[in-house]
Participant: 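Encoded as structure tokens, here's the structure I'll be asking about.
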Protein chains: 2
Amino acid sequence: MATIRDVAKLAGVSVATISRFLNKNGYVNEDTKLKVEQAIKTLQYEPNAIARGLAGRKTGTIALIFPDITNPFFAELARAVEDVARMYGYTVILCNSDNQADKEQTYIKVLKQRYVDGILFASYNLRSDDVEALKNEKIPLVMLDRAPRDASCSVVSSKHLEGAQMAVQHLMDVGCKKIAHIYGPQETVTGRERLIGYEQSVKHLPWYSPSLVEPGYFRVDGGMAAVENLMQRHPDIDGIFAGNDTMALGALKKLQRMGLHVPDQVALCGFDGIDLTLIVEPEITTVSQPIYDMGMLSTRLLIKKIEGDIKEEQTHLFDVKLITRGSTERKRNDE
Amino acid sequence: MATIRDVAKLAGVSVATISRFLNKNGYVNEDTKLKVEQAIKTLQYEPNAIARGLAGRKTGTIALIFPDITNPFFAELARAVEDVARMYGYTVILCNSDNQADKEQTYIKVLKQRYVDGILFASYNLRSDDVEALKNEKIPLVMLDRAPRDASCSVVSSKHLEGAQMAVQHLMDVGCKKIAHIYGPQETVTGRERLIGYEQSVKHLPWYSPSLVEPGYFRVDGGMAAVENLMQRHPDIDGIFAGNDTMALGALKKLQRMGLHVPDQVALCGFDGIDLTLIVEPEITTVSQPIYDMGMLSTRLLIKKIEGDIKEEQTHLFDVKLITRGSTERKRNDE
DNA sequence: AGAAAGTATGTAACCGGTTACACATTATTT
DNA sequence: AAATAATGTGTAACCGGTTACATACTTTCT
């Protein structure tokens with residue numbers, strides 16, 4: 001592998017000139033440029049990114065810390081992040097935290113050692129002092145769907161509360177008279193806000209009861225178990241709002257297994273808008289977040305912070321959209 | 001951030017000693033070790049991975065190049081790779097190639113610049129000379145589910161042909177009398193071998209016809225379209241072997257939409273064993289590859305090659321396993 | 001015309017580690 | 001007791017870039 005000194009020698013100039021040429025900073029004479037270009041070509045020179053990183057303390061690397069790539073929501077997010085990163089010449093390091101605080105901490109330590117230029121964080125447990133620590137070390141950070149308590153930092157999220165209310169309203173619109181909610185982990189902003197949205201929408205209604213909510217842990221099996229419990233307690237439930245699509249998929253499966261027709265006997269609505277809602281029959285109505293867009297925007301935001309185009313912290317709240325599908329499409333809208 | 005020289009000064013020794021201590025190579029006196037440990041602790045010293053990479057030409061980074069993280073098969077693979085990598089102190093760079101040769105080439109170039117220690121490759125188009133080039137540059141490579149034509153290199157794959165035969169046999173065992181196949185891209189080893197397995201199993205049977213196969217492009221919509229075409233040509237098809245689970249999911253959806261009962265009217269079998277086969281009703285029978293294990297093994301293999309524990313190229317062929325589920329569980333086994 | 005600003009390039013220190021080599025001391029062989 | 005081996009440590013070059021600073025020549029301004 002040729003080095004910058006080889007190129008300098010061949011072109012008959014100093015390494016500084018080569019560096020200036022490569023980074024397009026400082027003056028380089030047109031004739032010199034030609035000579036340098038020629039030398040680079042003949043030597044097939046590629047600048048060494050590691051050396052660059054050491055000298056310039058910029059590695060062209062960003063890290064994505066999130067619970068689990070196996071979760072389709074995060075997979076789509078990761079895809080968006082990588083696409084944007086590649087466009088800007090950055091490389092993405094993948095970190096599955098499983099929402100475990102110790103893994104997150106280990107990653108942060110390792111990432112610092114590796115001089116990552118910035119971190120995109122979509123896991124649960126980042127504490128305010130971690131955020132502060134990163135800030136002190138001048139490592140840009142963007143949080144996805146969760147904001148630390150005290151510390152200020154850039155956040156990209158969407159309107160969970162409003163989305164939950166849209167979901168419940170839609171279920172009522174198609175004629176549901178007793179709507180249950182399967183909620184996600186209350187340590188998460190998403191799980192919490194969607195539950196609150198549900199409660200605000202229904203707590204004043206005559207049929208409401210606190211026993212109409214059941215945890216589903218954002219998992220398929222959680223959704224299945226929740227349906228079982230709910231239907232046992234309230235056999236007359238005719239609408240279910242699941243706190244995310246994964247749980248909705250579990251709910252659908254369980255309902256079908258119990259011989260209940262969806263949507264005629266029980267209508268079902270999820271949240272997130274992952275593609276999997278389309279592979280089942282009936283397809284699942286869902287409140288969709290623009291996942292890919294969220295990934296794109298947060299990555300762009302991060303890169304802008306890295307490159308100094310943005311100094312202040314920003315918050316972006318995306319709109320959500322109700323997508324009605326088979327799981328709430330009733331033949332007769334009785335009432 | 002403290003550097004190795006700071007630590008050396010505080011401990012009253014030279015940088016070489018610190019380095020020897022950290023890397024556990026060379027002699028270091030026990031008393032000295034204590035002093036160094038103390039200094040490291042008080043300064044909260046963390047060695048800089050970039051500097052290490054530059055000096056030692058080892059970055060502790062491996063790259064995973066594959067088509068698309070959004071595909072659940074690759075997501076699970078990525079998870080396995082990251083898990084193993086983390087255990088060994090490596091970091092994973094994510095590269096979505098979309099099976100486009102130019103993206104693959106760009107990635108390889110970038111990865112070389114970044115001194116990745118090794119590459120795990122699961123995309124289509126790697127040419128033999130690319131493999132040779134990497135070999136010349138001493139960058140270890142492990143291929144997943146595809147082997148280059150001429151060049152020799154380490155390969156991890158599973159028994160696709162045998163698996164396809166198992167699938168077809170199983171469909172016949174449950175009483176299917178006319179079995180179609182939805183095949184994947186013929187540029188892929190997986191798509192090709194599974195098709196061949198199907199053909200070898202059925203071509204001698206009286207009902208066989210070349211029009212019983214239809215492409216599905218390894219996609220859900222491809223599976224749906226294929227079912228539509230197949231059923232139009234042969235309304236008496238009573239068994240479908242899909243070349244992967246994604247297409248099987250599409251097939252199931254289409255069949256249900258056409259009002260055909262699965263498994264009683266048409267039995268269905270997929271290939272891969274991704275978790276999604278469990279979220280639909282009925283659950284889909286599939287020939288499962290040990291995806292997570294394949295990811296683990298290939299990563300271990302790569303790391304061993306990186307660390308010089310293995311010199312020669314190795315090939316691992318995993319066994320596949322038929323997992324029977326609702327989509328082939330017929331009430332009456334007529335015949 | 002002389003000062004100031006702009007253009008062009010080179011030297012050498014620096015980023016933060018690793019490691020070959022030299023040297024000194026202590027332990028083991030013969 | 002001398003030769004040899006093992007242990008312990010330091011010096012300084014090196015990995016391959018970036019960049020502050022110095023220098024010199026042009027061009028523009030007053």
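In what follows, every chain begins at residue 1, and chains take the letters A, B, ... in the order their sequences are listed.
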Participant: Pull out every protein N or O sitting under 3.5 Å from an N or O of nucleotides 4-14 of chain D, one pair per line with the distance.
Facilitator:
from, atom 1, to, atom 2, distance (Å)
D:dT7, OP2, B:Y27, OH, 2.6
D:dT9, OP1, B:T32, OG1, 2.5
D:dT9, OP2, B:N29, N, 2.8
D:dT9, OP2, B:T32, OG1, 3.1
D:dG10, OP2, B:S14, N, 2.6
D:dG10, OP2, B:S14, OG, 3.2
D:dG10, OP2, B:T17, OG1, 2.9
D:dG10, N7, B:R20, NH2, 3.1
D:dG10, O6, B:R20, NH1, 3.2

Participant: Mind checking the NE2-CG spacing from B:H316 to B:L144? Nearest 0.5 Å is all I need.
Facilitator: 11.5 Å

Participant: Do we see a donor-acceptor contact under 3.5 Å between the side chains of A:R79 and A:Y292?
Facilitator: no

Participant: Can you check whether B:S19 has a side-chain N or O nearer than 4.0 Å to OP1 or OP2 of C:dT18?
Facilitator: yes

Participant: In whole angstrom, give the distance that lies between atom CD1 of A:I18 and atom C1' of C:dA8.
Facilitator: 14 Å

Participant: If I take atom OH in residue B:Y115 and atom C1' in nucleotide D:dC15, what distance separates them, rounded to the nearest angstrom?
Facilitator: 7 Å

Participant: Can you tell me how far P of C:dT18 sits from CG of B:L22, to the nearest Å?
Facilitator: 7 Å

Participant: Can you see which heavy atom on A:E82 is nearest to which on A:V92, and at what distance?
Facilitator: CA-CG2, 3.8 Å

Participant: Nearest whole angstrom, please: distance from the C1' of D:dC15 to the CD1 of A:I50.
Facilitator: 11 Å

Participant: Counting only N and O atoms by type, is there a donor-acceptor contact under 3.5 Å from the side chain of B:D117 to the main-chain atoms of B:T59?
Facilitator: yes

Participant: Contact class for B:T3 (heavy atom, under 4.0 Å): base, sugar-phosphate, or nothing?
Facilitator: sugar-phosphate

Participant: A:I4 has an atom CD1; how far is it from atom C1' of C:dG10, in whole Å?
Facilitator: 13 Å

Participant: If you assign B:G56 and A:N23 each to the DNA chain D nucleotide with the nearest heavy atom, which residue ends up on the more 5' nucleotide?
Facilitator: B:G56

Participant: Take atom CG of B:N48 and atom P of D:dC15, then tell me their distance rounded to the nearest Å.
Facilitator: 18 Å

Participant: Checking all strands, does A:F21 fall into the base, sugar-phosphate, or nothing category for heavy-atom contacts under 4.0 angstrom?
Facilitator: nothing

Participant: Whole Å only: how far is the CZ atom of A:R114 from the C1' atom of C:dG17?
Facilitator: 14 Å

Participant: When you compare the side chains of A:R114 and B:T61, does any donor N or O come within less than 3.5 Å of an acceptor on the partner?
Facilitator: yes

Participant: Would you mind reading off the distance between B:Y45 atom OH and C:dG16 atom P, rounded to a whole angstrom?
Facilitator: 10 Å

Participant: Are the side chain of B:E313 and the backbone of B:S154 linked by a donor-acceptor contact shorter than 3.5 Å?
Facilitator: yes

Participant: Please determine whether a side-chain nitrogen or oxygen atom of B:R57 lies at a distance below 4.0 Å from atom OP1 or OP2 of C:dG17.
Facilitator: no

Participant: Would you find a donor on one side and an acceptor on the other, under 3.5 Å apart, between the side chain of B:K305 and the backbone of B:L141?
Facilitator: yes

